[in-house]
Amino acid sequence: MTQALATSAPAAQARSVRLVYFAWVRERVGMADEQVELPEGIETVLDLVRWLKTRDEGYAAAFENETLVRAAINQTHVKPGASIAGAREIAFFPPMTGG
Amino acid sequence: MTQALATSAPAAQARSVRLVYFAWVRERVGMADEQVELPEGIETVLDLVRWLKTRDEGYAAAFENETLVRAAINQTHVKPGASIAGAREIAFFPPMTGG
Amino acid sequence: MGANTLTPVIRIQREDFDLAAEIAAISAGRRDIGAVVSFTGLCRDEGATLAALELEHYPGMAEAEIARVAAQAAARWPLMGLLAIHRYGLVKPGDQIVLVIATSAHRRAAFEAADFMMDYLKTRAPFWKREHLADGTVGGWVEAKQEDDDAAARWT
Amino acid sequence: MGANTLTPVIRIQREDFDLAAEIAAISAGRRDIGAVVSFTGLCRDEGATLAALELEHYPGMAEAEIARVAAQAAARWPLMGLLAIHRYGLVKPGDQIVLVIATSAHRRAAFEAADFMMDYLKTRAPFWKREHLADGTVGGWVEAKQEDDDAAARWT
């Protein structure tokens, strides 16, 4: 999961990242995954969440409670303040209920 | 294990009780069980231990450390100060090492 | 074999598992194991209201995250074997969902490691349960419980 | 079925036991069990110095004492099933000695009850182990460990 990570791209350069969604986050967003080009100024997971919420009602509903939805970068749990530099795949999902 | 327990016998009356021994207590005493008539004045487990120690070297060796050996009356753990009134069967054994 | 050479067994699978076979495999050829603790998590029927649980997971991350939790357990306790299997897909009441096995020379390490694994599996492994109800409808997503976070916090 | 109607299964036997069969029996026909915790205690070879363990027990009291411990566990945790099997006689390295199974709706009760049962079995059940060494001699009686008393004291 850690191979071939891109180094942090310059902020001015458009970055392409794969977003994946699970459980009710997936249902509200309306898709399981997508490839997005991140605009400038999106530096943290929380920046990304706030930008996604502006895209349409589905995202707004999924991220209604900004701190409830969990995130993982390159398949490792991260906090909302985590930098997305180097992210290939960013996942959003509800609190886990396995086990 | 609790049925048919005798009520406490008058102290002046000779009482017959079955003694059973396990593990190294059995080996030192030299037998697995015996029926003994208790003399007057034996009221607690510790009284019984001290009386047994006077009987021969085997008992003396078994009960060399009076508080190391554990006791059970009618198949229930008891402390050294426990009354032996109503005892049908008194067991002596080392600290348990099962499990 | 100490914690340094322990290779945890992690499997994420749709198929059922066999506790006895897994214990046999994890213990094969060893005579130094004194304690085997297993935890099996089953699907409950919730008072006959539940027809099935649908288990969604994050492929790749599920294995990776459980492997990270297992590595923590292996570093913390002197284990001889450690296994975690988690199923996904549709499971019915009475079906097995999750299995953890920990083996050690002594019982305390095996108990604590299995307990730790389950607390962290519950709160960190990317799985989500949705209820399919006995009346034929699809119920909601199961909500995470505060008590599971509290249980995991015991180890920090 | 709550703790009030729980009938623990207690067996003291020379024969080996089968974990999978015991779990199947304790769970048969139920769909309300969410957690099954098992503990299996095995005979270790102690670095190849041990040929066998001889397990002496106090017939009658062994069953009675384990039943008392099981009744305490059943009163303390909301269990659905509770089983304890303890062998006596000669066991060899790799052989099974003791089995505890606890089942409940939730994992915490099952883990704690199994852990409690083992701590109390170790310190209260009238069993004694003697070592038969690989060099053909009969070694000493195994000494009780302070750490077992300390473990049992956690529950008081």
Side-chain angles (χ1 to χ4, degrees), chain A residues 1-6 17-36 45 48-49 52 58-82 84 86-99, chain C residues 10 12 39-44 53-69 71 84-89 91 96-100 114-131 138-149 151-152:
Chain A
M1 298 305 115
T2 54
Q3 69 273 35
L5 297 187
V17 67
R18 184 170 180 254
L19 302 183
V20 293
Y21 308 105
F22 294 97
W24 55 253
V25 175
R26 171 178 52 71
E27 292 179 328
R28 292 184 191 177
V29 168
M31 65 187 118
D33 64 286
E34 61 181 324
Q35 194 76 23
V36 298
V45 170
L48 174 57
V49 166
L52 288 170
Y59 294 100
F63 295 101
E64 187 175 12
N65 180 336
E66 287 176 356
T67 57
L68 178 60
V69 173
R70 308 297 176 91
I73 294 181
N74 301 339
Q75 307 196 346
T76 300
H77 290 295
V78 294
K79 294 192 188 297
I84 60 171
R88 264 187 314 115
E89 179 174 295
I90 302 179
F92 291 104
F93 42 76
M96 285 69 75
T97 56
Chain C
I10 314 286
I12 311 298
F39 175 89
T40 309
L42 307 173
C43 177
R44 296 185 305 269
L53 280 178
E54 183 188 339
L55 279 148
E56 181 170 334
H57 78 299
Y58 184 172
M61 180 169 169
E63 293 85 343
E65 186 62 25
I66 295 177
R68 285 189 282 267
V69 171
I85 299 176
H86 202 305
R87 294 178 67 190
Y88 61 87
V91 296
Q96 304 185 113
I97 296 174
V98 61
L99 174 65
V100 164
D115 198 1
F116 170 92
M117 285 291 292
M118 279 309 304
D119 282 347
Y120 276 73
L121 262 169
K122 280 261 176 192
T123 54
R124 296 191 61 86
F127 288 84
W128 302 273
K129 294 193 185 104
R130 175 150 57 181
E131 296 183 327
V138 175
W141 293 93
V142 172
E143 282 197 41
K145 291 187 208 140
Q146 181 60 42
E147 70 191 57
D148 288 329
D149 287 331

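A note on names: the letters A, B, ... follow the listed sequences, proteins ahead of strands, and every chain is numbered from 1. When reading the values below, keep in mind they use all heavy atoms of this one structure, side chains included, and skip hydrogens, waters and symmetry mates.
Chain A forms the most heavy-atom pairs under 4.5 Å with one residue out of D148(C), D119(C), V142(C), L121(C), and that residue is V142(C). Contact tally against chain A (heavy-atom pairs below 4.5 Å) for R124(C), R130(C), M118(C): the top residue is R124(C).
Here the shortest heavy-atom pairing between E143(C) and T97(A) reads C-CG2, 3.8 Å. When all heavy atoms are compared, the tightest approach of R68(C) to Q75(A) is NH2-O, 2.7 Å. Nearest approach of M96(A) to A125(C), heavy atoms of both residues: CG-O, 2.9 Å.
To the nearest 0.5 Å, the span separating OG1 on T123(C) from NE2 on H77(A) amounts to 8.0 Å. Going from atom OG1 of T76(A) over to atom CD of E65(C) covers 7.0 Å, rounded to the nearest 0.5 Å.
In this structure, the ring-ring contact (aromatic ring centres under 6.0 Å, His included) partners of F92(A), at least two apart in sequence or on a different chain, are F63(A). Residues satisfying the ring-ring contact (aromatic ring centres under 6.0 Å, His included) test with Y88(C), not counting sequence neighbours, are H57(C).
The backbone N or O of F22(A) lies less than 3.5 Å from no partner atom in the side chain of W128(C), so there is not a single donor-acceptor pair.
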TODO: Apply side-chain contact (heavy atoms from CB on, under 4.5 Å) to the pair E56(C) and F93(A), showing each step before the final yes or no.
DONE: CA-CA 11 Å; E56(C) 181 170 334; F93(A) 42 76; over 6 Å; no

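No more than 12 heavy atoms of other residues, nucleotides or ligands shown are found within 6.0 angstrom of CD on E64(A). Few gaps surround NZ on K145(C); more than 12 heavy atoms of other groups in view lie less than 6.0 Å from it.
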